[in-house]
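Worksheet: the structure to be examined is printed underneath.
Both counts, for ligands and for their atoms, begin at 1 and track the order of listing. Quick note: residue numbers are just sequence positions, from 1.
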Amino acid sequence: MEKALHSRNVLLGVCYYPEHWPETMWEDDFRRMKELGLEYVRMAEFGWALMEPEEGVFDFSLFDRAFALAHRHGLNIIVGTPTATPPAWLTHRYPETLNVLANGISYEHGSRRHYTYNSPKYRELSARIVQRMAEHFADHPGIVGWQLDNEFNCEVYEFYSAADHAAFREWLKAKYGTLDALNEAWGTVFWSQTYTAWEQVHLTRNVPSDSPNPHLKLDEKRFFSDSVISYAQMQADIVRAAAPRHWVTTNGLFGHLDTHQLTNDMLDFISYDSYPMFGRTFPDGGEQPLLDRRYSMTLSTVRSISPNFCIMEQQSGPGGWVNRIEQPSPKPGQLRLWTYQSIAHGADLVVYFRWRTATFGTEMYWHGLHNWDNRPNRRTREVQRIAEELRSAGQAIAGSRYEADVAIVRDYDNEWDGEFDKWHGGYEWTSTLAWYKRLQRRHIPSDMLFMNEQTTLEQLSRYHTLIYPHPTIMREETAKLLEAYVLGGGNLIIGCRSGYKDETGRCRMTPMPGPLAPLCGVTVEDFTREEPDGSSPGFTLSEDAFHTFASFSTNGFAETLAVTSPDAIVLGRYDSSSYMNGEPALVENRSGEGRTIYFGGVFSDALVDQLMDRLELTSPAAGQLELPESIELTVRAHDKPIFEGQESGLRIHFLLNYNGSSETIKLNCAATDLLTGQRFVKGAAELEPYAALALVFDE
Ligand code: GLA
């Protein structure tokens, strides 16, 4: 069943911590939230020590008073379960609830997220506080939904306490049944690692050269993910039983967590915390980094889980902790730009983090809408403008779906295995970024699609082109699904290092790309990594197919290919820059109505451009708009009329200018900006720095 936020309007909210402020400030805060145009407020996700000041003693009075005031001012309340921050008495009395590093050193009280999911005592005490909260607030007239915990696996996404080792053994018994099967799957005959009793089996521990068994490393990440899901399920079950009217979500995308499964198993929709300034302070590398625009790629991952979703934390000012993360302030217009970036990618509820910057604690510099002086400022005025715009445009936007004909395929197994395996891991990010950047800059909206055992041919067939850059771990069933997609007319793009591992991470003794070989029409005959100086074999493209004499790099890894299919053509051969000279590097194989292009290297921006031309990928707005590369285009559309008198579903073209300078666009037909009502006539138009528009064309 689809898990999406259903809203008839695009609305705004804010995160608020009543416990951080004198109670005398609350009324004024809630009143001004409404005046600013905010409709939702999230509270309580860090309030455990207040709600259970000592073991078994519960006191909801502070939040009762805060919730009552918020409700009186007409705000919809989102309640957070407080298990990300256990009280001091809890971890002091029950140290077994603390998470432990692989080297055996325990985390301690004093920050957050220092607990472990698999501690029976932590599960018991978490269940009780959630149960008491759910019972206490179930019928509160102002509460509309719950956020489980806060950002599962943020800050820490590995867990090595005694409880985790014990739970891991039970998880392995359920998965493999016998020690023999475990030893076989993990190849423990290698270096005499064979286990002869279950109590010998542990998660990663201290080993020389930090090189534990790679198959254990892959399984332990699957175990971490299952541990979160099991823990979250316990909370979701409690909330749903006590408060069936309220929706349930959680926030964030973090390591070693299959958020797709988490959402499908228990949430109404996923929420995400979007801080695009991180894209500027930690640039994505490569040519022309996307910077804050990279968050469009992350938002596309969120959308692969819920087509319409909530941003539970939207950047409100410069981010910063006292001792780390030092971000500049969003420039005038960027806060609005990033808000519409979220909406353009499917958000129908945007909650800003936070109402006012904390005056104490680790986040004294993670700025909210208001600074410590609590006065209106340019950021609050930007939010006020957004709220006014959405009052007229929100209903037309809400519920519309982002449209894309191209998807980049990812999967958790290859990402988790690739974190550790340096012989395929890094290539996926390089290639995904190359494809995403060029699709973005050529104004071709794209989706992220996460492959798993539930993925269907219908889901794949929504796209005319799928890019699956380097699926090293490849199940036979997945290869068959991809074959069906191509036979039905799909274009499939595959890169090097594909198909040579099975689900355990063991390498197949068949020619690469393993079960993908028949579909790709090639086998890999030889290969090499980049040279110590960073250079890689070069290749040229066939002139009649690409009309270019340029040489391209394999960008980190190079495979020579033997053509095995009569329906395959060689599109590129290695040049004289390496001993691979003359061998095939790029092959296109026709199967049924579709084709597969296999590249024996890592994708670069330049090669992607050539392949996009060959695939004839064009912008959906090509007939209506001429846009510079700095402008992002997304299209959200309704599949049926939503207003009286409409013939067909509204199509909304979002234009986002990430540049701090004006940009000129050209319209080939007149249009109206839903956000401002501004009319655009056919011809050139200037977009101001950090502009955001939601255009509806006259025809
Ligand atoms: C995360 C957390 C918030 C806050 C912000 C800023 O998104 O959910 O509690 O810590 O980051 O750091």
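- A donor and an acceptor atom, one from each side chain of Tyr658 and Glu632, are located under 3.5 Å apart.
- Two residues are said to be in side-chain contact when any heavy atoms from C-beta on lie closer than 4.5 Å; Glu45 and Thr83 fail this criterion.
- Contact of the Asn153 side chain with the His256 side chain is registered, since non-hydrogen atoms from C-beta on lie closer than 4.5 Å.
- Checked by atom type, the side-chain pair Ser304/Arg410 shows no donor-acceptor distance below 3.5 Å.
- A donor and an acceptor atom, one from each side chain of Gln147 and Ser271, are nowhere located under 3.5 Å apart.
- The side-chain tip of Arg636 does not point at the ring of Tyr402 from less than 6.0 angstrom away and within 45° of straight on.
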Using a 3.5 Å cut-off on N/O to N/O, what pairs does ligand 1 make with the protein? A line per pair would be great.
residue, atom, partner, partner atom, Å
ligand 1, 7 (O), Glu151, OE1, 3.4
ligand 1, 7 (O), Glu151, OE2, 2.7
ligand 1, 7 (O), Asp273, OD2, 3.4
ligand 1, 7 (O), Glu313, OE1, 2.4
ligand 1, 8 (O), Asn150, ND2, 2.9
ligand 1, 8 (O), Glu151, OE1, 3.2
ligand 1, 8 (O), Glu151, OE2, 3.4
ligand 1, 8 (O), Glu313, OE1, 3.1
ligand 1, 8 (O), Glu313, OE2, 2.6
ligand 1, 9 (O), Arg112, NH1, 3.0
ligand 1, 10 (O), Arg112, NH1, 3.1
ligand 1, 10 (O), Arg112, NH2, 2.8
ligand 1, 10 (O), Glu363, OE1, 3.4
ligand 1, 10 (O), Glu363, OE2, 2.3
ligand 1, 12 (O), Trp321, NE1, 3.2
ligand 1, 12 (O), Glu363, OE2, 2.8

